[in-house]
2 protein chains.
Amino acid sequence: MDRNSISNQLIKNNIKPSYARIKIMEYLIQQKNHPNVDEIYTELVKDIPTLSKTTVYNTLNLFNEAGLIKVITIEENEARFDADTSEHGHFKCENCNKIYDFFVKLEGIEISGLENFKIRQKDIFFKGICAKCINYINNN
Amino acid sequence: MDRNSISNQLIKNNIKPSYARIKIMEYLIQQKNHPNVDEIYTELVKDIPTLSKTTVYNTLNLFNEAGLIKVITIEENEARFDADTSEHGHFKCENCNKIYDFFVKLEGIEISGLENFKIRQKDIFFKGICAKCINYINNN
DNA sequence: AATAAAAATGTAATTATTACAAATATGTAA
DNA sequence: TTACATATTTGTAATAATTACATTTTTATT
């Protein structure tokens, strides 16, 4: 997704495509690394020296309210962000702290207790040890 | 679960069953209301006037590390706690902010991308509007 | 160029959580 | 019981993520 289509996507959602907004969305789309606010800020301030953290917060909140991104609350102390709003789960490795995406098919899943509830968002968070870390631990 | 069996459960997990610890666990088991730290503290300080919030934090961390409770990170700003460690999902109503338990059968769910990963914990968080609030909104 | 509206900025405030040292309580051996 | 070591609790201060808000800057339009 290039800057032009990002710009169009923002306009479609009634968000004016300012430079900072485009860069933040571009970063989320390109990196796919589920960054926290600090990582986004630290990376982008290299390109936009006047960027402030408040702008990052404002922008992410704006994107979230528009449904353009998802807030990942898999960590207990900070929010992470994901521009991929399609259905997928997140796995946090408790050894290396990396967050992985995984495919999960929720359609047809057996659920009860939410009859007549309106479900707007589904978050699937798994935690454990990733394959890389298991491998490393086993060989050391 | 009475205080004696709570006490035994703690001992089994190498946690000395102090008065505060038993009361905190008892509260979690009885209330089942997914309280945050402040709610636990505010309720229990009535019975234990010397209770400090730090003790509540210490105790909950201890319980969590022992696997006796689950930390619910469905909210973006605070942790909630659940003594029910059996497999179930949590639904947060964005209107009344209540957190509901629901039954979910994860066994046999279609997943890929976590081959050779060790999964230790599975959290299912849904958000939306609960039936009560939908009903209320429709009639007003 | 003037103006109005929107966006970005910087600082201060808020709030959940943790760190840590001091005080208190508990259990055990003499 | 008393002395002592250990564990628990407490209170305060520090940390860190997030938000509030007023000011400044940018943008778009006339």
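Quick caveat: nothing in here was measured; it's all calculated off a predicted structure.
The residue among B/T59 and B/E76 whose nearest nucleotide of DNA chain D lies closer to the 5′ end is B/T59. Along DNA chain C, the nucleotide closest to A/I48 and the one closest to B/F81 are compared, and the more 5′ of them pairs with A/I48. Of the two residues contacting DNA chain C, namely B/N58 and B/N77, the nearest-nucleotide position lying further toward the 5' end is that of B/N77.
Residue B/K70 is tested with B/D123, B/D84, B/D101 for a salt bridge (Lys or Arg N to Asp or Glu O under 4.0 Å); the sole match is B/D123.
Between B/L28 and B/P35, the closest side-chain pair of non-hydrogen atoms falls below 4.5 Å. A/F125 is listed as a side-chain neighbour of A/I72, based on a closest heavy-atom distance under 4.5 Å.
Taking atom OH on A/Y19 and atom C1' on D/dT26, their separation rounds to 15 Å, with Å as the unit. Protein atom CD1 of B/I40 is 14 Å distant from nucleotide atom C1' of C/dT17, rounded to whole Å. Going from atom CG of B/L60 over to atom C1' of D/dT8 covers 15 Å, rounded to whole Å. For A/I15 and D/dT27, the CD1 to C1' distance is 17 Å, given to the nearest whole Å. Rounded to whole Å, atom P of C/dT14 lies 16 Å from atom CG of B/D38. Put simply, NZ on B/K23 is 14 Å from P on D/dT9, counting in whole angstrom units. What separates NZ of A/K53 from C1' of C/dA12 is a distance of 15 Å, to the nearest Å. Between the OH atom of A/Y41 and the P atom of D/dT18 there is a distance of 15 Å, rounded to whole Å.
For an aromatic pair to be called close, the ring centres must be under 6.0 Å apart, and A/F102 with A/F126 satisfies this.
Side-chain atoms of B/Y57 lie closest to C/dT17 of the nucleotides D/dT9, C/dT17, D/dT18. Distances were taken from every side-chain heavy atom of A/K16 (C-beta onward) to each of C/dA7, D/dT19, D/dT9; the shortest belongs to C/dA7. Closest to the side chain of A/T54, from the set D/dT18, C/dA16, D/dA20, is D/dA20. Nearest to the side-chain atoms of A/T55 among the listed nucleotides C/dA8, D/dT10, C/dT18 stands C/dA8.
In this structure, A/R21 does not reach the C/dA6 phosphate: none of its side-chain N or O atoms is under 4.0 Å from OP1 or OP2. When the side-chain nitrogen and oxygen atoms of A/T50 are compared with OP1 and OP2 of C/dA8, none of them lie within a distance under 4.0 Å.
Residue contacts for A/N61: at a heavy-atom cut-off of 4.0 Å it reaches the sugar-phosphate backbone alone, with no base atom in range.
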Salt bridge (charged side-chain N to carboxylate O under 4.0 Å, His left out) between A/K92 and A/E94, intermediate numbers included = CA-CA 6 Å; A/K92 183 190 170 189; A/E94 289 168 325; over 6 Å; no
